[in-house]
Amino acid sequence: MGKETETNGIHALGVRAAYNLANVTKTRPQYGALTPKWLTKVLEFKGLETGIFRVNKVVEGETPLDILCSQTKKSDIIPDGYVDYETEPREYRLNSISTIINVNTAVEDVYSSPYDQVQEQLGLAIESLRERQESQLINNDDYGLLKNVADTQRIQTRSGAPTPDDLDELISKVWKEPSFFLAHPRAIAAFERECTKRGVPPVTVNIAGGTFIAWRGIPLIPTDKLLVDGLKNPKSQSGKTNILLIRTGEAKRGVVGLYQAGLKNEHSRGLSVRFRGIDDKGVASYLLSLYCSAAILADDAIAVLEDVEVGEYYDYD
């Protein structure tokens, strides 16, 4: 029986005793390192058959073909020729990101209400793999977007802080149907301050289930994988980063994410979850493998604003 307490002569059930009989409402495991991973939501992806993607390009030129265009023929001979292709086109091979999750079957049996322990472990592991995928899409030494921007598509800020003029310059580099800017949240905040200083506050748009500020109608998508001074969460007030402008989609000769289609034990796009068995100690094991890469189909599908300073602040009167 719960221990009684006496307050001002009134007998009542004690709080600690009552607590022992109460059902506690619990959350799922909260993993603070997770982000919305907007890049993988707004980037168009293409499934591969064999994990290899070859980007065939036409040899660039100002006038690839001579043509006849006249109401009055000056010659009866129609110019002939052909469009040449690159003889050694670039091939992209999918990279794998893998991890193994172990769960004690006794824990699974006894402690899986109200939340299934296996599913919670797998869910957190999958989110971690997706975080790494977004980071690799941007920073991978082979296929990462930052590493593969053409030299002609790289520009510097005018004064350090990201100004409307700087973003307009990016648009001039990716002017054929640009899809979105990609920037660290600190860089987006810095751009908003520059807009406020000039009295031109950006509007907001809704895409992919999120609300973003936009410049010239192009949304600024946040990601902490575009590092500031090499860090996701810099402690210093100042720091430098990059801002990308991307056109996405194969039909637009843009940037596309790549994944392996038709995987065995496919859980979601490019991700397989395989049960590896139970060992002699009753521990169940699961192998998670995520296959990903990215390809830039044309040089003008992406541009980068470099050396963006995020620490400029102003006093507004």
Counting distance only, does the side-chain N/O of [X] pair as donor-acceptor with the main-chain N or O of [Y] below 3.5 Å?
X	Y	value
His184	Lys232	yes
Thr248	Val255	yes
Arg276	Ile101	no
Asn140	Gln133	no
Asn148	Gly144	yes

Stepwise side-chain hydrogen bond (donor to acceptor under 3.5 Å, both in side chains) check, Thr211 with Asn206:
CA-CA 5 Å; Thr211 301; Asn206 296 297; 2.5 Å; yes
Atom pair [atom1] ([X]) and [atom2] ([Y]), whose distance is rounded to the nearest 0.5 Å:
X	Y	atom1	atom2	answer
Gln136	Ile97	CD	CD1	5.5 Å
Asp166	Ile171	CG	CD1	11.5 Å
Ile246	Leu43	CD1	CG	6.5 Å
Asn242	Leu145	CG	CG	11.5 Å
Leu94	Leu48	CG	CG	5.0 Å
Ile155	Leu305	CD1	CG	5.0 Å

Does one side chain, of [X] or [Y], offer a donor that lies under 3.5 Å from an acceptor on the other?
X	Y	answer
Thr35	Glu131	yes
Ser293	Asn95	no
Lys252	Ser179	no
Asn102	Ser285	yes
Ser289	Ser96	no
Glu108	Gln117	no

Hey, does [Y] have a side-chain heavy atom less than 4.5 Å from the side chain of [X]?
X	Y	value
Phe45	Val256	no
Leu122	Val103	no
Leu244	Leu146	yes
Gln119	Leu124	no
Thr40	Lys37	yes

Check the orientation of Tyr92 and Phe53. Use parallel for under 30°, tilted for 30 to 60°, and perpendicular for over 60°.
tilted
May I ask you to check whether over 12 heavy atoms, not counting those of [X], lie within 6.0 Å of atom [atom1]?
X	atom1	answer
Glu49	CD	no
Arg90	CZ	yes
Tyr314	OH	yes

Mind checking side-chain contact (heavy atoms from CB on, under 4.5 Å) for [X] and listing every partner two or more places apart, or none if nothing turns up?
X	result
Phe275	Ile278, Ala284, Tyr286
Ala261	Tyr259
Gln153	Val149, Ala150, Lys173, Val174, Asp300, Ala303
Asp229	Lys240

Please list, one pair per line, the donor and acceptor atoms closer than 3.5 Å that link side chains of residues 21-30 to other protein atoms, with sequence neighbours excluded.
| from | atom 1 | to | atom 2 | distance (Å) |
| --- | --- | --- | --- | --- |
| Lys26 | NZ | Val24 | O | 2.9 |
| Arg28 | NH1 | Glu120 | OE2 | 2.2 |
| Gln30 | NE2 | Arg28 | O | 2.6 |

What residues, two or more places apart in sequence or in another chain, satisfy ring pair (Phe, Tyr, Trp, His ring centres under 6.0 Å) together with Phe180?
none
Quick check: is Leu288 connected to Val118 through a chain of hydrophobic side chains (ILVMFWY, heavy atoms under 4.5 Å apart)?
yes
Starting from the C-alpha separation in whole Å, work towards a yes-or-no answer on salt bridge (Lys or Arg N to Asp or Glu O under 4.0 Å) for Glu134 and Arg130.
CA-CA 6 Å; Glu134 184 177 66; Arg130 293 294 185 191; over 6 Å; no
